[in-house]
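Labels below follow one simple rule: chain letters A, B, ... track the order of the sequence lines, proteins then strands, and each chain is numbered from 1. Heavy-atom basis, side chains included; hydrogens, waters and symmetry copies ignored. Predicted model only: the values in this text are computed from it and were never measured.
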Protein chains: 2
Amino acid sequence: MVRMAHNGSNGPNKLKIMDKPQLSESQEDYLKHIFKLREVNETVTTQDLSESLKVRPASVTGMIKKLSSMELIYHRPYKGVVLTELGEKIALEVLRHHRLLELYLVDHLNYTWDEIHDEAERLEHVISEKFEAAISKLMGNPTRDPHGDPIPSVDLEIPEMPDLVSVDRLHAGQEAVIQRVLTQDKDILNMLSRLELTIDANILMVGSDKTGIRLKVGNNQYLIPYSIAKLIWV
Amino acid sequence: MVRMAHNGSNGPNKLKIMDKPQLSESQEDYLKHIFKLREVNETVTTQDLSESLKVRPASVTGMIKKLSSMELIYHRPYKGVVLTELGEKIALEVLRHHRLLELYLVDHLNYTWDEIHDEAERLEHVISEKFEAAISKLMGNPTRDPHGDPIPSVDLEIPEMPDLVSVDRLHAGQEAVIQRVLTQDKDILNMLSRLELTIDANILMVGSDKTGIRLKVGNNQYLIPYSIAKLIWV
DNA sequence: CTTTAAATTTAGTTGAGACTAAAAATAAAT
DNA sequence: ATTTATTTTTAGTCTCAACTAAATTTAAAG
């Protein structure tokens, strides 16, 4: 079974990504992971990729060679990889698909917070430009997904994000609105959503001690361990 | 890149297909094509599959062996193949995905008749049971797709179809409603939709000669060649 | 029957993208 | 400057699902 291109009915004057090579799902995933690791790590090593892709280091080296030869990444052996401009565009396209899909699943198909990631992970590689455009339009070209993560625009720019801090940095008495939740862990997402600690929720910092922080949400008050508080940004 | 199962959060008492093996997209496609060829052909040969899958006969033989060993088909060498009960269930599941998706793309994402097939072809292999259930429910558990083809039910029964005839069998003066269009050819679908020869359209047979048939649709009258008339069932 | 044409199967190859085991390079610690 | 531990790369293997070329089986025609 050979994967076919499906760029929709791109007219002659639709450039977007010129000479975009047809990539396998694996290759798209490598680029996406490199991009996301880079947001956090400064350098992206073979081992980083091995861990995040759950693939042996030797396999990563193999794929790095291929992506290098395709000029999608730069590789300094034993040092790490960086996306080329084209590589980054492709990574952003995959990310755009993923985040649009996550929002779509929540808004139109009644998915819950914890169900969207896996589904989007599979769909992101197979939807056409037409599909991407259709759901984006339907949702009014949104800029944030259900975790508060920015959705790259059609021309693959990342929308401005306001500066955020994790809730554990609030001081007692301070109010805030949840803007972003940095986890895909189903159990954590489920727990947070049961506590109504979801995007746009209003919270009040009550206080903190070594065990964690105390938050008031609506009429309820909760003790949140630091490990989880660090995932919630306001 | 290894394909993962994604049967949704099947509780312990969801049986549906017991011990359903995890199939590759190729394998699912073979089963689907065997099913569809069988609806038309009486026997399904290596060559039939080679043509419809656009794969060399030798490759078909190879896959036939694998699917046989998995007990998804029976194979009488040099004769042809038949789906086992499990093989048929899987074929129907793929077909259900495909047809639900086609209808969904038309009803909710504004796709046109000619755009839905390719998109559904890719999506059918990756959507979860959850996704299938969600779109089915949203559309009121429909039984016909945009070509008029029956959509297998959740428990994989094919809904009853009324007996139909192709329009070329109508006699002059007879009125009818289009129920089904048996092609995926984009140009033909486009043409038919421009002529408003779409599902549920009312037509009047005016007459016929060796060049084709004359149909009245609304206020317009068209000459339709037999090759195309045979695709339209009422 | 025997020949011939067509369909099918066998055998072996290829390319992706994983894997393991072993070799080599780097970085840190004496 | 060596040794040691860690990371990375090399080399070779495996599986899947395609491929080609050659061999075999079946069916039709003389």
To the nearest Å, how far apart are [X] [atom1] and [N] [atom2]?
X	N	atom1	atom2	result
A:H125	C:dG17	NE2	C1'	15 Å
B:Q22	D:dC16	CD	P	13 Å
A:N41	D:dT7	CG	P	14 Å
B:L67	D:dC16	CG	C1'	13 Å
B:M63	C:dT8	CE	P	18 Å
B:M70	D:dT15	CE	P	15 Å
B:L49	D:dA18	CG	C1'	15 Å
B:E25	D:dA17	CD	C1'	13 Å

Hey, does the side chain of [X] come within less than 4.0 Å of [N]'s phosphate (OP1/OP2), counting only N and O?
X	N	value
B:Y30	D:dA18	yes
B:Q27	D:dC16	no
B:S26	D:dC16	no
A:T45	D:dT7	no

Quiz item: Closest to the B:R56 side chain: D:dT20, C:dA18, D:dA17?
Solution: D:dT20

Please confirm whether the backbone N or O of [Y] pairs with a side-chain atom of [X], one donor and one acceptor, at under 3.5 Å?
X	Y	answer
B:N190	B:S193	no
A:Y111	B:F131	yes
A:R56	A:V60	no

What does the list of N/O pairs under 3.5 Å between the protein and nucleotides 9-13 of chain C look like, with a distance for each?
{"from": "C:dT9", "atom 1": "OP1", "to": "B:H75", "atom 2": "NE2", "distance (Å)": "2.8"}
{"from": "C:dT9", "atom 1": "OP1", "to": "B:Y78", "atom 2": "N", "distance (Å)": "3.1"}
{"from": "C:dT9", "atom 1": "OP2", "to": "B:T46", "atom 2": "OG1", "distance (Å)": "2.9"}
{"from": "C:dT9", "atom 1": "OP2", "to": "B:T61", "atom 2": "OG1", "distance (Å)": "3.1"}
{"from": "C:dT10", "atom 1": "OP2", "to": "B:K65", "atom 2": "NZ", "distance (Å)": "2.1"}

Quiz item: Hey, is CZ on B:R169 packed in by over 12 heavy atoms from elsewhere, all under 6.0 Å?
Solution: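 Incorrect, the count does not exceed 12.
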
Quiz item: B:W113 vs B:H147 aromatic rings, parallel, tilted or perpendicular, using cut-offs 30° and 60°?
Solution: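 It falls in the parallel class, under 30°.
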
Quiz item: Do A:S26 and A:D29 pass the side chain to side chain donor-acceptor pair (under 3.5 Å) test, and can you show the C-alpha distance, the side-chain angles, and the key distance before you say yes or no?
Solution: CA-CA 5 Å; A:S26 283; A:D29 272 336; 6.0 Å; no

Self-check item: Flag for A:H97-A:E93: side-chain donor and acceptor within less than 3.5 Å
Solution: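 No donor-acceptor contact under 3.5 Å links the two side chains.
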
